[in-house]
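Order of the sequence lines sets the chain letters (A, B, ...), proteins ahead of strands, with each chain counted from 1.
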2 protein chains.
Amino acid sequence: MLYAGVMSAFPPPFTEPQQQLLVAPELLQLGKAEDEPCLRADAARNRARLLEAAARLVAEHGAAGVTMEAVAAAAKVGKGTVFRRFGDRTGLLTALLDHSEKKFQAAFLSGPPPLGPGAPPVERLRAFGRAMLRRSVDELDLQLAAEPSADRRFSVPARRVQLSHVALLLRQAAPDGDGELLSQTLMGYLNPVLIHHLTRQCGMPLERLEAGWDDLVDRVAGVQPSR
Amino acid sequence: MLYAGVMSAFPPPFTEPQQQLLVAPELLQLGKAEDEPCLRADAARNRARLLEAAARLVAEHGAAGVTMEAVAAAAKVGKGTVFRRFGDRTGLLTALLDHSEKKFQAAFLSGPPPLGPGAPPVERLRAFGRAMLRRSVDELDLQLAAEPSADRRFSVPARRVQLSHVALLLRQAAPDGDGELLSQTLMGYLNPVLIHHLTRQCGMPLERLEAGWDDLVDRVAGVQPSR
DNA sequence: TTACGATCCGGACCGAGGTCCGTTTAATGT
DNA sequence: ACATTAAACGGACCTCGGTCCGGATCGTAA
């Protein structure tokens with residue numbers, strides 16, 4: 001019993017399901033995502049205050065200034081409340097990005113082409129990458145801070161949605177080849193940490209990353225355009 | 001002066017340069033890697049004891065059991081000493097992997113083909129990936145624990161060596177295309193965290209990852225074999 | 001309105017990474 | 001041998017993420 005208390009957090013752990021999804025969870029093999037557990041009044045109020053406080057702290061001191069204690073204090077709430085609601089720091093930051101994420105999901109799942117349905121798969125892949133790149137460049141601070149710990153990085157709902165979307169398109173664009181592995185590879189190119197490194201530390205302009213994405217999609221899908 | 005003491009660690013910060021390299025640093029645009037700062041006798045002794053203690057802890061309790069305090073205690077040394085020598089936890093774990101890393105570098109930089117020089121680039125790329133995959137599967141625990149924080153992940157010397165190696169081969173195999181971006185993409189496939197997810201969490205056999213790598217190399221390099 | 005159980009709250013508490021600084025010690029020159 | 005000094009040492013200390021649990025509060029049903 002070395003690691004006794006390590007797994008079960010609070011008695012009734014009712015932390016929210018990380019991120020709302022716009023697709024049926026069954027399609028993605030996610031555990032049931034009990035949507036909107038319908039919080040108690042005080043809990044809902046505190047949740048709102050916490051998100052607002054966190055957003056303010058991000059605006060004022062950057063994502064690095066978002067300390068769990070600071071958020072709790074700014075929201076005039078106990079520290080335990082923050083953890084009960086959001087599970088951990090990553091959960092809080094993720095919740096902060098949730099709005100933008102849902103809009104993005106709506107765009108590529110059911111928005112107008114070429115991002116949404118209606119365009120040929122390769123076109124949609126190109127649009128998807130460009131959208132991801134631009135979104136990452138905008139919210140880079142938060143996205144980096146919200147980077148989950150290594151053992152959860154591939155289980156984050158938002159990521160799974162994006163991944164399966166890419167896999168779907170890719171299986172159409174390149175029916176041969178291991179769709180699961182290739183989609184992981186493509187998603188790797190869009191990893192915020194990599195984007196940050198290339199743009200901020202290596203000074204690459206966004207256009208180069210976009211061109212690189214288009215080229216990568218072509219190569220992976222087996223298209224033979226300009227080269 | 002909010003973040004006053006956050007950047008400069010100890011007065012004369014003489015933490016070792018992360019990882020010895022077998023190639024001249026100039027070739028990789030690394031800051032001078034003052035090889036072997038020639039530690040004082042006591043420092044060298046303590047360094048050895050710390051590494052030994054850390055290795056023992058890994059063997060006994062897994063990488064998760066490697067606490068800085070535990071290592072210090074096991075080596076009969078003050079905690080500050082650990083940090084002065086290795087900078088941080090990641091540095092210590094990295095030092096633990098250094099031996100294996102140097103052997104690996106020697107193998108792909110100057111060993112026998114197809115991993116070393118002498119085989120055609122695509123061959124060498126395939127061999128490189130397979131070697132990385134197998135190595136990661138072996139030392140997965142440590143590699144995961146040694147995962148650097150997001151802001152340093154792409155500056156780790158070992159990674160830069162591997163990256164520039166892949167870039168070199170790739171520029172020969174696919175002279176068109178953005179070698180820098182494509183090599184980052186390939187390296188992404190070999191990320192230990194991804195390997196761990198695919199093998200341990202998704203249950204994929206190593207052979208599938210190897211086949212996926214070969215296929216990916218073919219696609220990226222523009223080869224048209226079986227498909 | 002009251003009573004009751006489920007849920008939530010708060011903040012003391014813990015562990016681990018990382019830092020500081022007064023003290024000790026190894027190398028070097030005399 | 002001895003003085004000198006740059007480097008190394010140790011462990012108290014700080015911060016921050018995360019946990020626990022006794023007590024307050026909400027929703028509900030009588």
Q.
More than 12 heavy atoms of other residues, nucleotides or ligands under 6.0 Å from CD of B:Glu139: yes or no?
A. yes
Q. Around B:Glu52, counting heavy atoms of other residues, nucleotides and ligands shown, do more than 12 lie under 6.0 Å from its CD?
A. no
Q: List the steps, then state whether side chain to side chain contact (heavy atoms under 4.5 Å, CB included) holds for B:Val161 with B:Glu101.
A: CA-CA 11 Å; B:Val161 174; B:Glu101 178 65 31; 5.8 Å; no
Q. Reading nucleotides 25-30 of chain D from the 5' end, what letters show protein touch, with B for base, S for backbone sugar-phosphate only, - for no heavy atom under 4.0 Å?
A. BBS---
When you get a sec, tell me which of [options] is the closest nucleotide to the side chain of [X]?
X	options	value
A:Asp88	D:dG10, C:dG17, D:dG18	D:dG18
A:Glu69	D:dC9, D:dC16, C:dA16	D:dC16
B:Asn46	D:dC9, D:dG11, C:dG11	D:dC9
B:Arg84	D:dA12, D:dG10, D:dG17	D:dG10

**Q.** Any residue meeting ring-ring contact (aromatic ring centres under 6.0 Å, His included) with A:His165, in chain and number order, not counting sequence neighbours
**A.** A:Phe108, A:Phe128
Q) Strictly by modelled atom types, are A:Asp151 and A:Ser149 linked by a side-chain donor-acceptor pair under 3.5 Å? A) yes
Q: Output yes when at least one side-chain N/O atom of A:Thr81 is less than 4.0 Å from OP1 or OP2 of C:dG10, else no.
A: yes
Q. Could you give the CZ-to-P distance, from A:Arg49 to C:dC9, as a whole number of Å?
A. 10 Å
Q. Between B:Lys79 and B:Glu69, is the closest basic N to carboxylate O distance under 4.0 Å?
A. yes
